[in-house]
Amino acid sequence: MIYLDQAATSFPKPEGVAQAVACALSNVGSSGRGGHELSLAASRLVFQARLAAAEFFGCSDPSRFAFTANATESLNTALFGLLEPGDHVITTAQEHNSVLRPLFRLARRGVELSIVPVDGRGVVDLAGMRRALRPATRAVVVTHGSNLTGNVLDLDWIMAFCREHGLLLIVDAAQTAGWYPYHLDEQPIDILCFTGHKALYGPQGVGGLYVRPGLEVRPLKVGGSGIHTFSREHPQEMPEALEAGTLNTPGIAGLLAGISYVQRQGLEAIRRKEAELTSFFYQEVREIPGVVVYGDFTASERLPIVAVNIREVDSSVVSACLAERGICTRSGGHCAPLLHEALGTREQGAVRFSFGHLNTQEELAAALQALRTLAREDGGKGYGRGQGRDHL
Amino acid sequence: MGEAKVVITFETTTQAMAWERACKEHGLPGRLIPMPVVISANCGLAWLASPEDRDVLLRWAEELALRYDQIVEMEMG
């Protein structure tokens, strides 16, 4: 099998991640729920993971990191916990539904929303943020790197824009945590939302969010906290304020192992390898007759993602045919509806190839060869069981 | 009569963990215990030490910017 769906979840996980999860299942209790040895062991493990996350993201205060189930939960926590009716928010058309759907729900509750458009390559028109600015503008919410095109936003520009206009900056780092070198002590990012199971190489079901010191986020969930039992209100102190309920300690143990792995490998080394793979794949795939490539490949940096189509063929047909050859890709809409509309691929979707530093050039070459064969077969004729876009 | 002790309480489990880690790193005395109910029925963790260690603990707390809630002197059986 050739796994080229790393943007969905990294696979395989590095050695040590599964062992860390199993070790936690066998050796620790419930974090923050008592003073006995197993509970303390869990609390220590969670704190160690908090320290590791803080160090990894360049933050000196580990208490500013709360653990969640994933980036979606982090984003919901941030958006519902900060925005009020009457607030105006600027976001972009390259967002994932984990940003868009909470914002659309908030819009029904009186939050005003401006969506900055993208061009035909999916590049966000940053000047559109200036045009969208209003007196009531409170926040900018952006996906740092697109899960569909691999395009990366100019975060320096956005940080300067937010600082200039006194806006909150909420960053969806689902694809960029473990790829981009954040330095949160120095960067004016108010909220950073991340998941653990992509470029941080942890297990699924664990993520987190960073909240800038001094910023208070209303919790999405309230309940068990292990502290202040007789208070009718959930504790307000970070990070427990945003961690109602028993934490996923085994998942957090796996995330800690994943972060440690990335730190041992070095972010730069990982990025270099992934950039080489992406460049190789792009240079080859763009030469295949009938293949359409999406995204901006002139940018100085981009995520290791290449989304393509074969002429008008349904992306799910192509992805299914690749799967029959043991090549794992992702077809369809990638939870990025506005970006697909801008690319003109709402109906067709796209076939997304996404790479990790553990992939090899040989694997990519095999995927390219399969794509060449499919492209020659013209519009899906003879693809596996299907007969093209209408017959999968 | 019990033994005189100093109990340092915390607002959060994370504060307690940071305190314990710092004490271990710097060889400071004491250990974590469940919050004594006579101090607070609110659960959580506390740091138990001898009264003579109070000053050194507080000096390090200031030096390392460690956060805590209360310091209580009490008799413990």
Side-chain angles (χ1 to χ4, degrees), chain A residues 28-55 59-67 208 210-211 213 219 223-247 249 252 256, chain B residues 2-50 53 57-58 60-77:
Chain A
V28 308
S30 182
S31 171
R33 301 297 191 272
H36 59 77
E37 199 47 47
L38 288 187
S39 173
L40 288 175
S43 298
R44 289 172 187 134
L45 194 157
V46 169
F47 186 67
Q48 196 183 339
R50 242 187 266 287
L51 282 170
E55 184 190 345
C59 173
S60 53
D61 184 354
S63 75
R64 305 313 300 178
F65 283 81
F67 290 114
Y210 156 85
V211 180
S225 62
I227 50 174
H228 303 304
T229 295
F230 289 91
S231 169
R232 293 194 172 201
E233 299 297 325
H234 194 77
Q236 294 183 337
E237 297 81 13
M238 280 288 290
E240 280 83 350
L242 303 183
E243 291 181 342
T246 300
L247 285 172
T249 307
I252 291 169
L256 171 59
Chain B
E3 195 178 346
K5 291 288 183 188
V6 163
V7 177
I8 299 169
T9 69
F10 307 98
E11 288 282 344
T12 65
T13 304
T14 303
Q15 286 179 13
M17 289 298 114
W19 182 281
E20 182 192 52
R21 189 180 183 89
C23 287
K24 281 183 178 169
E25 280 178 6
H26 295 278
L28 301 175
R31 65 185 169 90
L32 284 173
I33 59 168
M35 177 81 83
V37 174
V38 291
I39 298 176
S40 169
N42 274 327
C43 302
L45 295 168
W47 187 255
L48 182 71
S50 299
D53 296 323
L57 285 169
L58 293 187
W60 276 100
E62 189 173 348
E63 169 122 3
L64 300 172
L66 295 172
R67 295 171 65 190
Y68 59 91
D69 187 22
Q70 300 178 63
I71 301 171
V72 180
E73 294 205 17
M74 60 186 290
E75 303 251 321
M76 294 188 79

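Reckoned from all heavy atoms, side chains included, excluding hydrogens, waters and symmetry mates. A, B, ... follow the sequence lines: proteins, then strands. Residue 1 opens every chain.
The environment of B/Glu73 atom CD is dense: over 12 non-hydrogen atoms of other residues, nucleotides or ligands sit within 6.0 angstrom. For CZ of A/Arg44, the number of neighbouring non-hydrogen atoms (other residues, nucleotides, ligands) closer than 6.0 Å is greater than 12. In this structure, B/Glu62 places its CD atom where only 12 or fewer heavy-atom neighbours from other residues, nucleotides or ligands lie under 6.0 Å away. More than 12 heavy atoms of other residues, nucleotides or ligands shown are found within 6.0 angstrom of CD on A/Glu237.
Taking OG1 of B/Thr14 as the start and CZ of A/Arg64 as the end, the distance is 11.0 Å to the nearest 0.5 Å. Expressed to the nearest 0.5 Å, how far CG of A/Leu40 lies from CD of B/Glu20 amounts to 6.5 Å. In this structure, the separation between CD on A/Glu243 and OG1 on B/Thr12 is 9.5 Å, given to the nearest 0.5 Å.
The minimum heavy-atom distance linking B/Cys43 with A/Gly226 is given by the pair CB-O, 3.4 Å. The two residues A/Gly35 and B/Leu45 make their nearest non-hydrogen contact at CA-CD2, 3.8 Å. Between A/Ile227 and B/Gly44, the shortest heavy-atom distance links the atoms CG2-CA, 3.9 Å.
Contact of A/Ser39 with chain B is not made at all, since no heavy-atom distance falls under 4.5 Å. The part of B/Arg21 that comes within reach of chain A is its side chain, from C-beta onward, which places non-hydrogen atoms under 4.5 angstrom from that chain.
Annotation: side chain of B/Met17 is not in contact with side chain of A/Val46 (no heavy-atom distance under 4.5 Å).
Per-residue counts of heavy-atom pairs under 4.5 Å with chain B were compared for A/Arg50, A/Arg33, A/Gln48, A/Met238; the largest is that of A/Arg50. In terms of heavy-atom pairs under 4.5 angstrom with chain A, the leader among B/Ala18, B/Ala65, B/Pro34 is B/Ala18.
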Review point. For B/Glu11 and A/Glu240, what are the C-alpha separation, side-chain angles and deciding distance, and is it a side-chain contact (heavy atoms from CB on, under 4.5 Å)?
Key: CA-CA 10 Å; B/Glu11 288 282 344; A/Glu240 280 83 350; over 6 Å; no

